[in-house]
Amino acid sequence: MSKLKKCLYLINLLERKGALTLKEINDYYQYSSLYEGEEILPRTFLRYKDYIDETFPCYIEYSQRTGKYELHRHKVLYGEDDSLYDYLLSAYHIEGMTELALKHRDKIMLSEAPTGVENVQIILEAIDQGKGIECEYYSFNHKTVKHQLLIPYFLRTWEQRWYLAAEPDNHHHGISIFALERMEDIRLTDNKMFPSNKITAEEYFDGCFGINHSDDQKPEMIRIRVYGAQVEYVKALPIHESQKEIETTSEWSIFEYRLVPCYNFYQQLLWHGEKLEIIEPQNVREELKNTILKMLSKYRVV
């Protein structure tokens, strides 16, 4: 059995169960599908531990106080935002299951992988080297292809697409969003090109719903009431990263959000149907109400 799969097992086990001794790890291991009749020996475990530290976005540390092994994320490398850690770790999981996934491909149904991933590497190289990118970019709105010379700021995934926040080389229009799937003939510039703004991705997307950034609107505090079993779905898959559950009863829960309401936000709320209601502010409640009335007008019986 490959070292990769066994290391992924150890990472998942320590994430789920918390700190464990090697004996406790082996007690769980004997019931796993990876078990081959032999426990993990101390010397073998130390090799796995070193491999995890060198390869994965996390490491295993032994605590002298408790006598147990603990899993930690590389906060120095990945910061406090867990999204990159989770994304990279999921990539290792996919790599580890490739052989079985191909063997049983008729048993697996997947949604489309994020588009534009083939252009991520060269954009990261541009950021790393302090260079710009040139590409031919297709506009859905204008149905035209335009040559773009861009200074990349940061990347973001949203609804199965990779996006780039970048600044045109003339610096006249500020930061704009570009879908990587619509970039062709992408290449690095020969000269260095640096952003004119020191803003971070967290600052730029603060209060945004997805990629919908607005310089004119400020985030609002929005409260919604979710009914019945839908509460558990909203807890498991938050509507927005700012989501907080502030009140709970046996029949409903109230969630609070800090964001700029936009078309995509209202679309997300409509997905929950009658199981969700905006409580405040009134202007956001009225906006969703008007959308529902427009929808209802298309279903009037003649």
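Positions are given from 1 along the sequence.
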Would a distance-only check, ignoring hydrogens and angles, find a side-chain to backbone donor-acceptor pair under 3.5 Å from [X] to [Y]?
| X | Y | result |
| --- | --- | --- |
| Lys68 | Gly18 | no |
| Thr55 | Ile52 | no |
| His147 | Tyr137 | no |
| Arg285 | Ile278 | yes |
| Asp185 | Glu136 | no |
| Glu203 | Thr200 | yes |
| Arg156 | Gly210 | yes |
| Glu134 | Gln148 | no |

Quick one: side chains of residues 38-47, donor-acceptor pairs under 3.5 Å with protein atoms, not counting sequence neighbours, listed by atom name and distance.
none

### Message
Before you tell me yes or no, could you show the steps for Leu8 and Lys3 under side-chain contact (heavy atoms from CB on, under 4.5 Å), namely the whole-Å CA-CA distance, both residues' side-chain angles and the distance that decides it to 0.1 Å?
### Response
CA-CA 9 Å; Leu8 283 169; Lys3 183 191 296 185; over 6 Å; no

[X] vs [Y] side-chain heavy atoms within contact, under 4.5 Å:
| X | Y | result |
| --- | --- | --- |
| Met193 | Lys131 | no |
| His72 | Cys58 | no |
| Ile224 | Val234 | no |
| Pro57 | Arg73 | no |
| Ile108 | Arg105 | no |
| Tyr266 | Val284 | yes |
| Leu20 | Leu14 | yes |
| Ile177 | Leu164 | no |

### Summary of ring-ring contact (aromatic ring centres under 6.0 Å, His included) pairs that have at least one residue in residues 97-119, sequence neighbours excluded
none

#### Entry: Qualifying ring-ring contact (aromatic ring centres under 6.0 Å, His included) pairs with a residue from residues 6-42, counting only residues at least two apart or across chains
Tyr9-Tyr29, Tyr29-Tyr35

### Query
Are the ring centres of Tyr204 and Tyr153 closer than 6.0 Å?
no

### Message
Under 6.0 Å between ring centres: does that hold for His213 and Phe205?
### Response
no

### Task
For the residue pair Phe255 and Tyr257, categorise the inter-ring angle as parallel (less than 30°), tilted (30 to 60°) or perpendicular (more than 60°).
tilted

Spell out, yes or no, whether [X] and [Y] are grouped together once hydrophobic residues are joined by side-chain heavy atoms under 4.5 Å, including indirect joins.
| X | Y | result |
| --- | --- | --- |
| Met221 | Leu276 | no |
| Leu180 | Tyr138 | no |
| Val145 | Phe178 | no |
| Tyr59 | Tyr51 | no |

### Message
Run Leu149 and Ile133 through side-chain contact (heavy atoms from CB on, under 4.5 Å) and show every step you take.
### Response
CA-CA 6 Å; Leu149 178 55; Ile133 60 166; over 6 Å; no

### Query
With clusters built from Ile, Leu, Val, Met, Phe, Trp and Tyr whose side-chain heavy atoms come within less than 4.5 Å, directly or transitively, what are the remaining members of the cluster of Ile254, listed by chain and number?
Tyr227, Ile246, Trp252, Ile279

### Query
For Val260, which fellow cluster members are found when Ile, Leu, Val, Met, Phe, Trp and Tyr are connected by side-chain heavy-atom distances below 4.5 angstrom, either directly or through intermediates?
none

Considering all heavy atoms, the nearest [X]-[Y] contact:
| X | Y | result |
| --- | --- | --- |
| Phe56 | Cys7 | CE1-CB, 3.9 Å |
| Ala126 | Gly132 | CB-O, 4.2 Å |
| Ser63 | Glu70 | CB-OE2, 3.7 Å |
| Glu220 | Pro281 | OE1-CG, 3.4 Å |

Quick check for you: to the nearest 0.5 Å, what is the distance between [X] atom [atom1] and [Y] atom [atom2]?
| X | Y | atom1 | atom2 | answer |
| --- | --- | --- | --- | --- |
| Lys6 | Leu10 | NZ | CG | 9.5 Å |
| Leu293 | Lys298 | CG | NZ | 12.5 Å |
| Asn283 | Glu280 | CG | CD | 10.5 Å |
| Ile123 | Asn119 | CD1 | CG | 6.0 Å |
| Asn197 | Ile151 | CG | CD1 | 11.0 Å |
| Tyr62 | Thr21 | OH | OG1 | 9.0 Å |

### Task
Look at atom NZ of Lys294 and say whether more than 12 heavy atoms of other residues, nucleotides or ligands are closer to it than 6.0 Å.
no

### Task
Please say whether more than 12 non-hydrogen atoms of neighbouring residues, nucleotides or ligands are located less than 6.0 Å from CG in Leu237.
no

#### Entry: Test side-chain contact (heavy atoms from CB on, under 4.5 Å) applied to Phe265 and Leu259, step by step
CA-CA 9 Å; Phe265 172 63; Leu259 55 83; 3.9 Å; yes

Partners passing side-chain contact (heavy atoms from CB on, under 4.5 Å) against [X] (at least two apart in sequence or in another chain):
| X | answer |
| --- | --- |
| Glu274 | none |
| Asn264 | Trp158, Phe209, Asn212, Cys262 |
| Asp216 | Ser214 |

### Message
Checking side-chain polar atoms at under 3.5 Å, does Gln160 have a donor or acceptor matched by the opposite partner on Thr115?
### Response
no

### Query
Quick one: ring pair (Phe, Tyr, Trp, His ring centres under 6.0 Å) partners of His272, sequence neighbours excluded?
none

### Query
Is it true that Asp53 and Lys49 make a salt bridge, defined as a side-chain N closer than 4.0 Å to a carboxylate O?
no

Which pairs count as salt bridge (charged side-chain N to carboxylate O under 4.0 Å, His left out) when at least one residue sits in [range], sequence neighbours excluded?
| range | value |
| --- | --- |
| residues 114-130 | none |
| residues 225-237 | Arg225-Glu277, Glu232-Lys235, Lys235-Glu245 |
| residues 247-263 | Asp206-Arg258, Arg223-Glu256 |

### Message
Checking Ser196 against Glu167 for the side-chain contact (heavy atoms from CB on, under 4.5 Å) test, could you report, in this order, the C-alpha distance in whole Å, the side-chain angles of both residues, the deciding distance, and whether it holds?
### Response
CA-CA 8 Å; Ser196 60; Glu167 180 181 23; 2.5 Å; yes

